[in-house]
Structures are given as C-alpha cells and as structure tokens.
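Can you read through this structure? Questions will come right after.
Residue numbers start at 1 and run along the sequence shown.
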Amino acid sequence: MFAVCVLSPRTAQAQLKLDRLFPPAVATGSETEITAEGKFPNWPSAVACDRDDVEITPAKDSGKFTVKIPATAPPGVAWIRLHDDQSATQLHPLIIAPIAVTSEVEPNDKRDAAHRVTLPAVVAGRLAKSGDSDAYRVSLKAGEQLVVSVTANQLLQSPMDAVLQLTDLRGNVLAQVDDARGLDPQLVYRCQADQDVLVRIFAFPETPNSTVGFGGSSSFVYVCDITTGPFLDHLAIRGETALPFGHNLPESCPVVLAPATRVAPSTATVPHGLGWFWVARRDDDAVHSHHDDAFDGSLPAVLSGCITEPKETHTYSFAAVKGKTYRAEVRSKADGFLLDSKLTISDQKSGSVLASNDDLSRGNYDAGVDFTAKQDGQVDVTVSDMIDGYGPRHFYQLSIRERRPECQLTLAEDHFVVPRDNPLEIPVTVTRTAGFGEKVQITAVGLPPGVTVESVVSEPKGDTSKSVKLKLTAGDAAAGHATFQITGTFVDADGNPTEGKSEATYELRPQLSLTEFWLTIPPAPNDNTSTDNASTPPATP
C-alpha cells in the first residue's frame, strides 16, 4: 500500500520538484540515508511507495530520508513519489540490491586512486563534472568471467551515454563497451591469468553537443554491478516457464519471481546473483508463448529468440487464411536490446515476398508489418538483423496475431493537480489503427468523492479522432490525494456502448506502462488545514 507520512503546513502554491535520489540504490537488510535532490518548499514531504516492504522516513534536514529494507525483501526497484498538499512529483526509481551498496569515494579518476572493491559488488556513483571518470580496482583469478553492468540512462534517466573500460594496472585496455543496454554499457570479460584490473566508467552527454571530452554533472548518476558470480540479463517465456539468460548461471538455475506492485510487473532474479528483469504483464491469456520450442502456428503468439551467429535468421510458420490481415511485430531495441530487426513475410509455397519492414518509424529500429494472405496456406515470418549483428543481447520478442481494428489511449503525464477555481484539462491522445472507426466515449473512473468529470467523445473523423481533453472539477472534494483511471468505451453508430474498451496508459519506462494516475486536490483558499481524506488507494495486487 502507499505509505503516507504527516504533512507540514503548506506555503503559497509552491510546487514540489524531485530531480533524483542519491544514492539511487540501497541494500536489502539495511537502513540507509538517501538524499532527494530537488525543491521541497514544505518539508517534510509525504512519501508514496509502491512496495509495502520499503519503509521511508523523512529526516529533520530538507531532502533527507532514511530507507529501511528488511532482509527478506526481494531485489528489484521501488518507485517513489513525494507529495504535499499542493502538488506531487513524478515517480522515481530506487534500486533494491541483494548485497551491500558501496558508494564511490573521490578522488578515483586516476589509476593509482582507484577505489578497491571486493566482488560481488554494487557501486553507486556520480560523474559530477565535465571530464570526470571513476575507477574501481578488482582482483580476478584465471578462468573467472567478469560481468560489469551499468544502470544509468534507461532506468534512472541520467542524461549520459556511459562507456565501460577494463584495463590492467598499467593502463592497457583489455576491453571496452558502450550501448549494450540502450545507452548503458555492459562488459563481459574472461580472465586469462590471476591479476588486478581496473573498471573505468566515463560518459558523454546523452544528446551530442559541441563538448569535446567526457561529460559530467550532478545528474550523471549510476549504479554499477560488478561480479564473477551469477548475473541475470533477461528472461524468455515458454508456456508458463521462465527461462533465465545471463552469465555465470548454473546449468539448472531457478528463477525467483517477486510479486507485481501497483507500478511494476513481477520482477525476476536468480539466487545469490546480481541483475534483475521485469516479466511483462499479460493482457491476453490466450497468447501462446514460445522460446526455442516447436511452434504449432497457433495465434496469437509471442515468440522469443536470440540471434547468436553471423547471418543467422529465424523463421516461424503458420497457416494463413485467404483475405485475412495479420500483424507481425518485433520488440528488441525498444526494450534496450541490440537486434536491429528486419521482418520478411513470404508465401511458403511460392516463395514470393508478401511484405517486409526493418523500422517501425523514424528512430524506431524495431520492425513491424501488416500483411494480407493472398491464399490459404503456410506463411513464413523471418527475423534477421539488418547489420548482421549477433550475440547474447540480440534478443527479441516477435508477436504474430490476426490484425483487428484497435484504439489506444495514452497520456503525456502520470500525475495531475485539479485546481479549485478552474477545471483541470487532461489531454488524451487517441491512436486508431487498422481502420478503427467507432466512436469512443472517454471518462475518468475511481475519482474521489466531490471530483466530477465531463466525459468526452472521440469521433471517428475530425480533430477529436486523434486527441481529446478530459475535464475534471474539484467541486466540494476534500483536500488530499487519490488515484484514478481513464477508460474509453466503444460506441456503435446508434450511440449504444459495445463490449470494446480501451484503458489509457502512460509509459513510465520501456516495458513499464501505468494505467493508474495520481490526483492532487489542494485545500480551498480559506482552508488552513491539509487533510488526506480523498479516496484511499487500494492495496497492492
């Protein structure tokens, strides 16, 4: 459940602002002081967290919190939101590590000042200024496989394009990588002899500029896993079985699944190892999941695989019906993997190509295509890499299904303040695909007592076919906070609702979309008290 602490008296219309948490990782079985960096006009701020096993207590000094994690808590991510009686912040991630977290000690940019760490290690650090680099010294034995993985841009949204470099003590470069997990690097190195090595981290700005040299700022925060032990990189799903992939994993490696929360899906880890992976929620129980097993052609299906050899291709076949339209789509780059996918759809009997694609859109390097069967018979769906890349992170998930008209609702924010004197307008983007031509009645559900909504209809054509604005009014609602959802009900030509529905989403991170949104109701101008008696968020599922 969301944990809420006592609010302080409010000040005039000041808005909370949370830029980041530092350190961005804490350990299970620990009590750690962290700093919330931003602006907090009413201290202490209240705290909302999606995990009830994470206890967060504001300290006396502004921006300071104590985070207490029981030893039994599963590793993964806790999502934190600060709020007061006037506003709320975005959700920010706090990584829950299975072992003690080491904070970097400056100076550590030169070889002779490298910070020695004992493996396995989780290090939290910051490239605080331009030209900064951090170095960590570790001892390896012959035959050991070292895994170093940085979490920065993709989860923490640090505006940095980090590079990992492994050197010997004389500075000779043994390995160097970048952009292995989105813009975050991950290095795997097999040691040939007993030796001490240096793990160096430096970065360039996420958005290239005229800067020549390494970047750095207070926002360049990172967490670095360093281990020669088990490391979970990702999962594949075969039926109801989770299959772990990573490095130094035992031949028979169990997967531990932590429960889903209000924000995140189930989180997978491996015993005595580092690394974790979100197991995507299933929207349709009828979907067949496959990985390296016989595909019988039953649709809809999600088929995962990995291109591990040069010029390798994977082909999946199913019986298509003449005149029906199908959709094939790959996810890899969007989830931080490396496959620059290409899809080729061909008729198995004639060999003719029915369709092909390599980029869904400009800047989106995942492939997706619609195709219509010209006759009954087997159709081949082939996945390949556009640049002949290959390796353990050239992982993908391919969905194949019959194409039907669909409507998606999306938001650009996940938290809102409804003012007392004016309605709150929430823009909702309406995306219609495959000729979806129904009216959609869009409204908010789960609002607290006293907050009303003006439902709006998205027409099949015209301006409202692509976007609408939903209006909320505070009315006589009590001051406080609540969560709510936005839904769309499909309406036929006679104005009658059909069985079709769509639930609005907000993309918090890759593989992580929210369907529940935060609402703040400030006190009335003549109300000098602040309560939190808006509707109480339900328990975590």
> Do any pairs count as a salt bridge (Lys or Arg N to Asp or Glu O under 4.0 Å) and have a residue in residues 54-67, sequence neighbours left out, and if so which ones?
Replying inline: none
>> Suppose the criterion is salt bridge (Lys or Arg N to Asp or Glu O under 4.0 Å): which pairs have a residue in residues 16-31, not counting sequence neighbours?
In response: Lys17-Asp19, Arg20-Glu37
> Can you pull the ring pair (Phe, Tyr, Trp, His ring centres under 6.0 Å) pairs that have at least one residue in residues 52-82, sequence neighbours excluded?
Replying inline: Trp43-Phe65
Which donor-acceptor pairs under 3.5 Å do the side chains of residues 91-109 make with protein atoms, sequence neighbours left out?
| from | atom 1 | to | atom 2 | distance (Å) |
| --- | --- | --- | --- | --- |
| His92 | NE2 | Leu18 | O | 2.9 |
| Glu104 | OE1 | Asn108 | ND2 | 3.3 |
| Glu104 | OE2 | Arg126 | N | 2.7 |
| Glu106 | OE1 | Asn108 | N | 3.2 |

> With Lys39, which residues qualify under side-chain hydrogen bond (donor to acceptor under 3.5 Å, both in side chains), at least two apart?
Replying inline: none
> For Tyr222, which residues count as a ring pair (Phe, Tyr, Trp, His ring centres under 6.0 Å) partner, sequence neighbours excluded?
Replying inline: none
>> With no hydrogens and no angle check, just 3.5 Å: does a side-chain donor-acceptor pair link Asp184 and Gln154?
In response: no
> Got a sec, which residues hit side chain to side chain contact (heavy atoms under 4.5 Å, CB included) with Phe204, two or more places apart in sequence or on another chain?
Replying inline: Val163, Phe202, Phe214
> What residues form a ring pair (Phe, Tyr, Trp, His ring centres under 6.0 Å) with Tyr189, not counting sequence neighbours?
Replying inline: none
>> According to side chain to side chain contact (heavy atoms under 4.5 Å, CB included), who are the partners of Arg116, at least two apart in sequence or on a separate chain?
In response: Arg137, Ser139, Asp196
> Residues two or more places apart in sequence or in another chain: which of them pass side-chain hydrogen bond (donor to acceptor under 3.5 Å, both in side chains) with Thr32?
Replying inline: Ser30
>> Run the side chain to side chain contact (heavy atoms under 4.5 Å, CB included) test against Asp340 and tell me which residues pass, sequence neighbours left out.
In response: Lys333, Asp359, Tyr365, Asp385, Met386, Ile387
> Mind checking what makes ring pair (Phe, Tyr, Trp, His ring centres under 6.0 Å) contact with Trp278, not counting sequence neighbours?
Replying inline: Trp276
